[in-house]
Amino acid sequence: MDPKLKPVDQQVIVITGASSGIGLATALAAAHQGARVVLGARSVDVLDDVVAHISAEGGQAAAVEVDVSDRAQLEQLARRAIDAFGRIDTWVNNAGLSIYGRLDDVDEAHSRRLFDINFWGVVNGSLVALPHLRASGGALINLGSEASEAAVPLQAMYSASKHAVKGFTDGLRLELEADGAPVSVTLIQPTAVDTPYPEHAANYLAQEPKLPSPMIEVERSRARSSMPRRRPRARPRWARCPC
């Protein structure tokens, strides 16, 4: 079945990892175009600021503090969307983090946490969203990376997680197509984007990591919004994640 997607200004859009980077830019752009947005992230104070900003500009938004590795918390995010706006039209699985370091230097607990967020967060979000998207048609959007297609030295575990996201997303798309489900499934694979990604990553290297140039602008609508870009707070390195 060919999904019939609503115009953005008629949609209810759920976005994880919405407190910074691509997630924040997507939330602001969608709200600016008239969508009702429901935002999930662990940085609840930032989410409250974003919701207040969107509301002040005449938009509609709600937010829930979530850790995407916990499916029950994503169920709460979905319930918040239904309670606030009655349905879900698009669900964006964006939350993610990275590690800079050699594979034999990285602590296993950090590697497992990365997979819990980058891979299982996408799985959890997708499976929570699907019953709602099947009900009236909609879009599921997962954030992969150019690293979904290539190995990246010193970010090998991140690359492995994004390979896994691609495999899961492609497999899910095929199953939904076989069912004739009215759900569009999209994998976004951006190259380096101008976000706080390096600052949010765990770092086992002797120097601070940087993204390669040229970088993609995280949003082209910044001139239309007064929402300031936030600087990362002074927190423990591993705690500084955008998820």
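The shown structure was predicted, so the numbers you read here are calculated from the model rather than taken from an experiment.
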Subject >> Euclidean distance, N94 CG relative to I188 CD1, rounded to 0.5 Å >> reply: 10.5 Å
**OP:** Would you name the heavy atoms of I13 and A30 that are closest together and state the gap between them?
**Re:** CD1-CB, 4.0 Å
Original post:
Which heavy-atom pair separates F115 from A164 by the least distance, and what is that distance?
Top reply: CE2-CB, 4.1 Å
Original post:
Does V38 belong to the same Ile/Leu/Val/Met/Phe/Trp/Tyr cluster as V44, with side-chain heavy atoms less than 4.5 Å apart forming each link?
Top reply: no
**OP:** Without swapping roles, check the side chain of D9 against the backbone of Q33 for a donor-acceptor pair under 3.5 Å.
**Re:** no
Original post:
Does the side chain of S184 reach to within under 4.5 Å of the side chain of L5, using non-hydrogen atoms?
Top reply: yes
Original post:
Where do V92 and L143 land on the side chain to side chain contact (heavy atoms under 4.5 Å, CB included) test, with the steps shown first?
Top reply: CA-CA 8 Å; V92 183; L143 263 292; 4.1 Å; yes
Original post:
Is the shortest heavy-atom distance from the side chain of V37 to the side chain of L39 under 4.5 Å?
Top reply: yes
Original post:
Can T90 and Q11 be said to form a side-chain hydrogen bond (donor to acceptor under 3.5 Å, both in side chains), step by step?
Top reply: CA-CA 7 Å; T90 294; Q11 289 202 30; 2.4 Å; yes
Subject >> Heavy-atom check, side chain of R80 versus side chain of Q76, under 4.5 Å >> reply: no
**OP:** Ignoring hydrogens and angles, tell me if any N or O in the side chain of K6 forms a donor-acceptor pair with the backbone of G138 under 3.5 Å.
**Re:** no
Original post:
To the nearest 0.5 Å, what is the distance between CZ (F85) and CD1 (I82)?
Top reply: 11.0 Å
Subject >> SB check R113 D67 (cutoff 4.0 Å) >> reply: yes
Original post:
Which heavy atom in V165 sits nearest to a heavy atom in G144, and how many Å separate them?
Top reply: CG1-CA, 4.4 Å
Subject >> Audit row: R173, D170, salt bridge (charged side-chain N to carboxylate O under 4.0 Å, His left out) steps and yes/no >> reply: CA-CA 5 Å; R173 183 188 301 109; D170 289 348; 2.9 Å; yes
**OP:** Could you please spell out the steps behind the side chain to side chain contact (heavy atoms under 4.5 Å, CB included) verdict for R71 and L127?
**Re:** CA-CA 9 Å; R71 189 176 299 188; L127 298 182; 3.5 Å; yes
Original post:
Under 3.5 Å, is there a donor-acceptor pair between the side chain of H163 and the main chain of S159?
Top reply: yes
**OP:** Side-chain contact test, heavy atoms from C-beta onward, threshold under 4.5 Å: evaluate it for S145 versus Q189 and give yes or no.
**Re:** no
Original post:
Taking D105 for the side chain and G101 for the main chain, is one N or O donor matched with an acceptor at less than 3.5 Å?
Top reply: no
Original post:
Given S126 and N93, is the side-chain hydrogen bond (donor to acceptor under 3.5 Å, both in side chains) satisfied, shown in steps?
Top reply: CA-CA 7 Å; S126 298; N93 287 309; 3.2 Å; yes
**OP:** Check whether any side-chain heavy atom of D48 sits under 4.5 Å from a side-chain heavy atom of V51, and report yes or no.
**Re:** no
Subject >> Atom pair OG1 (T186) and CG (N142), whose distance is rounded to the nearest 0.5 Å >> reply: 8.5 Å
Original post:
How far apart are the C-alpha atoms of N118 and S161, what are their side-chain angles, what is the distance that settles it, and do they pass the side-chain hydrogen bond (donor to acceptor under 3.5 Å, both in side chains) test?
Top reply: CA-CA 6 Å; N118 290 13; S161 72; 3.2 Å; yes
Subject >> Check: D89 side chain, V12 main-chain N or O, donor-acceptor pair, under 3.5 Å >> reply: yes
**OP:** For the residue pair L172 and L140, establish whether any side-chain heavy-atom pair is separated by less than 4.5 Å.
**Re:** yes
Subject >> Residue pair I15 / A18: nearest heavy atoms and the distance that separates them >> reply: O-CB, 3.7 Å
Original post:
What distance do Q73 atom CD and R42 atom CZ have between them, rounded to the nearest 0.5 Å?
Top reply: 10.0 Å
Subject >> Interatomic distance, L114 atom CG to K162 atom NZ [nearest 0.5 angstrom] >> reply: 8.5 Å
Subject >> Distance-minimising heavy-atom pair for V106 and S111 >> reply: CG1-OG, 3.4 Å
Original post:
Are the side chains of W91 and I141 in touch, meaning some heavy atoms are under 4.5 Å apart?
Top reply: no
**OP:** Go through the steps to decide whether L176 and R134 satisfy the test side chain to side chain contact (heavy atoms under 4.5 Å, CB included), and finish with yes or no.
**Re:** CA-CA 9 Å; L176 291 173; R134 281 179 178 270; 3.2 Å; yes
Subject >> Close side-chain approach of V123 to F168, heavy-atom, < 4.5 Å >> reply: yes
**OP:** Kindly give the heavy-atom pair with the smallest separation between S19 and A41, and that separation in Å.
**Re:** OG-CB, 3.7 Å
**OP:** Consider only side-chain N and O atoms of S98 and Q155, and report whether a donor and an acceptor are under 3.5 Å apart.
**Re:** yes
Subject >> Donor-acceptor contact present, side-chain T169 to main-chain K166, <3.5 Å >> reply: no
**OP:** Hey, could you give me the CG/CD distance between N124 and E75, rounded to the nearest 0.5 Å?
**Re:** 9.0 Å
